[in-house]
Amino acid sequence: MHYSWKAGLLAGVLATQASFATMAAAETAEEFYDRHDITLIVGAAAGGGADFYARQFVPMLEKHIPGHPRIIVQNLPGASGMTAAIQLQNSAPRDGTVIAMLQRNNLYLPLVSQVSVEFDPREVNWLGSLNKEIYTVAVMSDSEAKTADDLFKVAVPTGATSYANENRVIPALMNQYYGTKFEIITGYEGADAMTLALERGEIEARMLPVDNLLGYGNEAPWFKEGRIKVLMQTAVNPSSQIPDAPNLLDFTKDPEIKALTEFVLLPMEAGRPFAAPPDVPAERLEALQKAFVDAAGDPEYVAQMEKIANTPTPISGPDVTKIVEQLYGASDTVLNSARALVNPPS
């Protein structure tokens, strides 16, 4: 008798769990999101470019997700966005109530960072990316460097933030493998600090995305007025909006240098990537991926972004996955060269 009530209790618990599992399996994505909010983790501080894109996109994403859940933005900066990526993969709920806007360097840093990173971009579910981030070499008009060719002849003081940031890595790559003469000054706290440094004449150049120059960036008015000009683009697929600026890849025919350059620049093709954790139920993941594509292409969103930034250049979740797969297919030669660029000398 003592054992029978335990067995009965266990049977009741199992039956209840099975009932809940059946109910959850039968629940549609629309029914689920009708009664659940979504937390959007942004792997950057409030007020920056990533946060700007996330908050502009949230109302449109709410509109297109079945059930129209409220999306609550939570900023989680740290470790070049890797803090948010690690949390998304390893500890965030996997029921579809948490998604994240990660940083593009999250796609390749686990491959090249000398610091152990508990994140694998192949393990999360990519929803898509809002735009392609095409960097340019932007130089003040009073600099001695007037053309792309001058970058190989004239020393150009150039601002950067951290050692591993692309605003240092790209000019360092150009110096070492292409022969440019950037004097890279690191340690600036962010975009505002580099704008001030340009204005004061401390530096003459910085790496600036096309979106910043044509849209919302600090230097956009300067570009319009001619105070700052683009001498070169650095992109796998350069922008047609700045047709007079040659592309970095046009300056080499060496296949190894091309492969390294493409490895460094390829993450920019997924400039503002969104992801969900592993193991999200298939129907909810499909709903999130479709909603992302529909929201990013919504005429209302496109018109809004064209007014305040630039025309969106979104890609789908499967397209982000292809970029990740391409990065993880890089040769040892490319990876070793990239590690030397990204990691400070020990």
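Keep in mind that the numbers below use all heavy atoms, side chains included, and drop hydrogens, waters and symmetry copies. Quick note: residue numbers are just sequence positions, from 1.
Every residue was checked against the side-chain hydrogen bond (donor to acceptor under 3.5 Å, both in side chains) condition with Asp34, not counting sequence neighbours, and none meets it.
No donor-acceptor pair under 3.5 Å is formed between the side chain of Asp298 and the backbone N or O of Asp294. With hydrogens and angles ignored, the 3.5 Å screen pairs no side-chain donor or acceptor of Thr158 with any backbone N or O of Phe182. Judged by distance alone, the side chain of Thr261 and the main-chain N or O of Ile257 form a donor-acceptor pair under 3.5 Å. Remark: the backbone N or O of Ile242 is paired with a side-chain donor or acceptor of Gln233 at under 3.5 angstrom. The closest donor-acceptor contact from the side chain of Asn343 to the backbone of Ala340 lies at 3.5 Å or more, if one exists at all. Listed for the Ser143 side chain is no donor-acceptor partner under 3.5 Å among the backbone atoms of Val139. In this structure, Glu62 contributes its side chain and Ile71 its backbone to a donor-acceptor pair below 3.5 Å. Panel note: side chain Asn90, backbone Glu118; a donor-acceptor pair is recorded below 3.5 Å. Looking at Asn131, its side chain never comes within 3.5 Å of a backbone N or O of Pro312 through a donor-acceptor pair. Judged by distance alone, the side chain of Gln87 and the main-chain N or O of Ala92 form no donor-acceptor pair under 3.5 Å.
Inspection of the Ser316 and Asp319 side chains reveals an N or O donor paired with an N or O acceptor under 3.5 Å. The closest side-chain donor-acceptor pair between Asn212 and Asn218, if any, does not fall under 3.5 angstrom. No side-chain donor-acceptor contact under 3.5 Å links Arg168 and Asn165. Judged by distance alone, the side chains of Thr97 and Tyr33 never bring a donor and an acceptor atom under 3.5 Å apart.
Taken together through direct or relayed side-chain contacts under 4.5 Å among Ile, Leu, Val, Met, Phe, Trp and Tyr, Met194 and Met207 form parts of separate hydrophobic clusters. By the rule that hydrophobic residues join a cluster once side-chain heavy atoms approach within less than 4.5 Å of another member, Phe223 and Leu231 end up as members of separate clusters.
Between Met174 and Val137 the shortest side-chain heavy-atom distance falls below 4.5 Å. By the 4.5 Å heavy-atom criterion applied to side chains, Met232 and Leu248 are counted as neighbours. Using a 4.5 Å heavy-atom cutoff, the side chains of Val73 and Val58 are in contact. Using a 4.5 Å heavy-atom cutoff, the side chains of Leu327 and Leu266 are in contact. Residues Ser129 and Pro314 form no side-chain contact, since every pair of their non-hydrogen atoms from C-beta on lies 4.5 Å or further apart. For the pair Ile323 and Trp126, the minimum side-chain heavy-atom distance is 4.5 Å or more. Between Leu40 and Ile72, every side-chain heavy-atom pair lies at or beyond the 4.5 Å cut-off. Looking at heavy atoms from C-beta onward, Leu111 lies in side-chain contact with Phe263 at the 4.5 angstrom threshold.
Checked against Leu265 for a side chain to side chain contact (heavy atoms under 4.5 Å, CB included), the options Leu173, Thr234, Asn237 give a single hit: Thr234. With Arg206 as the fixed residue, the side chain to side chain contact (heavy atoms under 4.5 Å, CB included) test singles out one of Asn167, Leu198, Thr136: Leu198. In summary, of the residues considered (Val280, Leu61, Leu88), a side chain to side chain contact (heavy atoms under 4.5 Å, CB included) with Ile99 occurs for Leu61 alone.
Atom CD of Glu256 has 12 or fewer neighbouring heavy atoms from other residues, nucleotides or ligands inside a 6.0 Å radius. Within 6.0 Å of atom CD in Glu286, 12 or fewer heavy atoms from other residues, nucleotides or ligands are found, so the atom counts as exposed in its surroundings. Within a 6.0 Å sphere centred on CZ of Arg339, other residues, nucleotides and ligands contribute more than 12 heavy atoms. The 12-atom threshold is exceeded at CD of Gln74, counting heavy atoms of other residues, nucleotides or ligands nearer than 6.0 Å. For Glu183, the CD atom sits in a packed shell: over 12 heavy atoms of surrounding residues, nucleotides or ligands are nearer than 6.0 Å. Atom NZ of Lys258 has more than 12 heavy atoms from other residues, nucleotides or ligands within 6.0 Å. The number of heavy-atom neighbours closer than 6.0 Å to CD of Glu30, taken from other residues, nucleotides and ligands shown, is 12 or below. Counting non-hydrogen atoms of other residues, nucleotides and ligands closer than 6.0 Å to CD of Glu189 gives a total of 12 or fewer.
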(request) Go through Glu27 and Arg35 one step at a time and tell me if the salt bridge (Lys or Arg N to Asp or Glu O under 4.0 Å) criterion holds. (result) CA-CA 11 Å; Glu27 187 175 38; Arg35 59 188 187 83; 2.8 Å; yes
(request) Determine, step by step, whether Lys153 and Asp149 satisfy the salt bridge (Lys or Arg N to Asp or Glu O under 4.0 Å) criterion, reporting the C-alpha distance in whole Å, the side-chain angles of both residues, the deciding distance to 0.1 Å, and the verdict. (result) CA-CA 7 Å; Lys153 304 170 186 176; Asp149 289 339; 5.5 Å; no
(request) Show your reasoning for whether salt bridge (Lys or Arg N to Asp or Glu O under 4.0 Å) applies to Glu166 and Arg104. (result) CA-CA 10 Å; Glu166 55 218 14; Arg104 50 191 169 271; 2.5 Å; yes
(request) List the steps, then state whether side chain to side chain contact (heavy atoms under 4.5 Å, CB included) holds for Gln56 with Ile308. (result) CA-CA 10 Å; Gln56 292 295 324; Ile308 58 177; 3.4 Å; yes
(message) Pair Asp95, Arg284 - check salt bridge (Lys or Arg N to Asp or Glu O under 4.0 Å), show working.
(response) CA-CA 8 Å; Asp95 59 358; Arg284 293 173 206 166; 5.4 Å; no
(request) Apply the test side chain to side chain contact (heavy atoms under 4.5 Å, CB included) to residues Thr180 and Phe251: give CA-CA distance (whole Å), side-chain angles for both, the deciding distance (0.1 Å), then the verdict. (result) CA-CA 11 Å; Thr180 53; Phe251 288 84; over 6 Å; no
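Atom CZ of Phe274 is separated from atom OH of Tyr53 by 11.0 Å, given to the nearest 0.5 angstrom. If you take CZ on Phe52 and CZ on Arg272, they are separated by 9.5 Å, rounding to the nearest 0.5 Å. Expressed to the nearest 0.5 Å, how far CD of Glu262 lies from CG of Leu260 amounts to 10.0 Å. We find the CD1-CD1 distance between Ile184 and Ile203 to be 11.5 Å, quoted to the nearest 0.5 Å. Remark: Leu130 CG to Met101 CE distance equals 5.5 Å, nearest 0.5 Å. If you take CD on Glu219 and CG on Leu214, they are separated by 12.5 Å, rounding to the nearest 0.5 Å.
Across all non-hydrogen atoms, the minimal contact from His64 to Ala295 is CD2-CA, 3.5 Å. The shortest non-hydrogen separation linking Val230 to Ala245 is CG1-CB, 3.6 Å. Across every non-hydrogen atom of Val42 and Ala54, the tightest pair is CG2-CB, 3.7 Å. A pairwise comparison of heavy atoms in Pro69 and Asp37 identifies CB-CA, 4.4 Å as the closest pair. Residues Ala276 and Leu285 approach most closely at CB-CD1, 4.4 Å, considering heavy atoms. Nearest heavy-atom pair, Ala275 versus Val124, reported as atom, atom and distance to 0.1 Å: CB-CG2, 4.0 Å.
Between Phe57 and Phe292, the gap from one ring centroid to the other is short of 6.0 Å.
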